[in-house]
Undergrad: 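Just dropping this structure here.
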Amino acid sequence: MNLRESTMLMMFEQDIPRWRKHVDALEPTIAGLQINARAIIQPVRDTNAWQGWAMTDITPAVALAARPIAPGTSIVIDLGEHAVGQLHVEADFADTANACIEVQLGEVLAEVCDDPGNDYFEKGRRWLKPITLRCKNGSAVDKRRAVQFVRLTVPADSAPVHVHRIYMQQHTSATADCSSLPEHTPPLLRAIDEVSIRTLRNCMQGVYEDGPKRDRRLWLGDLRLQAMASDVSLVNHDLVKRCLYIHALGVRKDGTVASCVFEKPDWHIGNEFIPDYALLFGDVLLRYAQSSGDWDTARDLWPVALRQTVLCDRCFDKRNLFHNPDDLWLFIDWHDELDRQAAEQATTIYGLRSLENLARELGHHDEAARLATRRKQLTLAAREHLYDADFGLVVSGKSKQISWASQVWMILAGVLTRSEAQRAFNLLDQREDALRPITPYLYHHVVEAMVQCGLSDRARHLVEWYWGGMVKHGATTFWEVYKPDDHFLSPYGSHLHNSYCHAWSCTPSWFIRKGLLTMDVATPEQLDVTVSGSNVAWQR
Ligand code: RAM
């Protein structure tokens with residue numbers, strides 16, 4: 001492990017060997033089931049379908065052996081669900097020396113149907129490159145991938161190839177089975193829960209990865225939500241603990257935690273630093289200790305958590321308002337136009353409150369009092385300068401922008417009272433100009449804020465509309481970015497780069513399994529959903 005070298009660590013020098021031992025000792029076993037391909041399918045251009053692609057079944061995948069793939073042709077296979085692991089392709093070759101198959105992988109149909117153009121390949125977007133398999137001994141095994149759809153192409157100059165079986169040997173560090181849902185859980189929420197848990201399971205590798213297709217990194221903001229969902233479903237405290245220690249090993253020179261860490265090929269931190277992630281380190285630690293009962297780890301990592309409060313000095317002006325002197329990357333959501341001042345103010349207050357609770361639990365009462373004082377200063381400043389009580393909404397930045405992000409983080413931080421929060425949500429409904437979220441990361445916090453201020457029926461409707469919308473579009477794992485009216489939205493320049501099994505999208509299970517959503521209301525659009533295994537059929 002070379003994290004220490006890469007970060008030129010000065011602080012916490014004496015703790016490093018101990019922390020490193022924890023990380024090594026907690027390395028999980030990676031195993032999983034065999035997932036057999038479901039069917040050979042025909043992708044169909046359909047303007048009503050998500051990203052313009054629907055599919056019809058040609059034949060069950062067991063019939064693969066009956067049809068050799070002729071040179072210059074291709075077939076598309078649906079595994080039936082998103083899976084992470086090693087793809088096994090078993091094939092017979094008429095002429096082994098001369099035969100090969102190009103394999104194009106996709107988490108969604110568009111990835112095996114849309115032309116990515118050479119541009120993407122040249123930019124080193126490795127995950128879009130077809131893999132070429134030469135199966136000398138009749139079977140080829142690829143390295144770990146994240147896949148639901150597989151296009152097999154036999155090049156024109158190859159001999160014909162007879163593929164007779166495809167399956168995925170799943171990789172995951174999830175070991176536990178989930179408990180079953182209460183009987184009265186409506187079918188749509190069951191479907192959403194199933195997709196959430198698959199999302200979580202597929203992201204559980206050596207660490208809680210953000211997305212197994214592209215980044216494969218441990219991101220602090222994603223970890224926080226994964227750990228919450230995991231606590232009520234696939235329960236793996238050791239993996240959360242390992243990720244906390246990895247973040248501790250990756251602290252930067254000034255003691256702030258890097259926002260992301262790569263596990264492979266060797267441990268190294270990413271350059272990214274996001275204050276609204278760093279300030280939530282203490283919250284992840286507190287939740288971990290509360291759910292696992294492991295307060296020794298909380299005590300061990302407390303100095304790291306507390307150290308993040310350097311940001312409270314660095315990023316706040318004399319009026320105790322957030323500003324960004326170092327041009328740091330402020331995240332909150334992937335929205336280009338979002339003014340983040342109010343949401344950053346609120347995430348800091350939220351982080352301080354978690355630290356305060358942690359300090360109290362650990363018996364650091366003086367520290368808890370100091371943190372409370374700072375939290376109150378920032379709260380007062382937020383109420384005075386960012387909350388317009390007559391207007392009933394939080395505004396952000398010089399332009400006094402109104403966004404869902406600002407409201408929900410202020411609600412979660414306890415800056416708005418319960419009735420102010422309810423009023424803000426009512427007002428948001430009437431404001432077309434209020435910037436809406438575009439990622440499940442922020443939508444999670446919207447749902448949580450609704451629950452917190454007693455709007456749990458609205459919270460349920462939102463879960464059904466948003467995550468249910470992805471299920472309706474055929475998602476078997478939840479996506480990194482989802483904006484119902486924009487199929488091609490991407491922070492990375494192309495929808496083909498988006499991750500379609502994404503850590504921060506797995507939290508509906510947390511709401512459902514903690515009983516936070518009202519169950520006795522009809523679904524908003526009266527959607528009738530039938531769930532069987534991983535296949536969800538929708539009718540209106
Ligand atoms: C992306 C990933 C990750 C997220 C960061 C901010 O690279 O989507 O999940 O946490 O951005």
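For ligands, and for the atoms within them, numbers begin at 1 and follow the listed sequence. FYI, the numbering just counts along the sequence from 1.
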Undergrad: What pairs with Asp317 under salt bridge (charged side-chain N to carboxylate O under 4.0 Å, His left out), at least two apart in sequence or on another chain?
TA: Arg319

Undergrad: Kindly say whether the aromatic ring centers of His502 and Tyr441 come within a distance under 6.0 Å.
TA: no

Undergrad: Checking contacts here: is it the side chain or the backbone of Arg217 that comes within 4.0 Å of ligand 1, counting heavy atoms only? Could be both or neither.
TA: neither

Undergrad: Short question: side chain of Glu344, backbone of Asn324 - any donor-acceptor pair under 3.5 Å?
TA: no

Undergrad: Provide the number and element of each atom of ligand 1 under 4.0 Å from a heavy atom of Tyr277.
TA: 4 (C), 6 (C), 10 (O)

Undergrad: Could you list which atoms of ligand 1 come closer than 4.0 Å to a heavy atom of Tyr492?
TA: 1 (C), 2 (C), 7 (O), 8 (O)

Undergrad: Geometry only, no angles: is Asp222 polar-contacting ligand 1 at N/O separations under 3.5 Å?
TA: yes

Undergrad: Determine whether the side chain, the backbone, both or neither of His502 has a heavy atom under 4.0 Å from any heavy atom of ligand 1.
TA: side chain

Undergrad: Go through the structure and list residues passing salt bridge (charged side-chain N to carboxylate O under 4.0 Å, His left out) with Asp231, not counting sequence neighbours.
TA: none

Undergrad: At less than 4.0 angstrom from any non-hydrogen atom of Asp210, what atoms of ligand 1 do you find?
TA: 2 (C), 3 (C), 9 (O)

Undergrad: Can you tell me which portion of Trp334 lies within the under-4.0 Å heavy-atom range of ligand 1? Options are side chain, backbone, both, or neither.
TA: side chain

Undergrad: Mind listing the closest non-hydrogen atom pair of Ala405 and Ala343 along with its distance?
TA: O-CB, 4.2 Å

Undergrad: Might you confirm whether atom CG of Asn271 has over 12 heavy atoms from other residues, nucleotides or ligands at distances under 6.0 Å?
TA: no

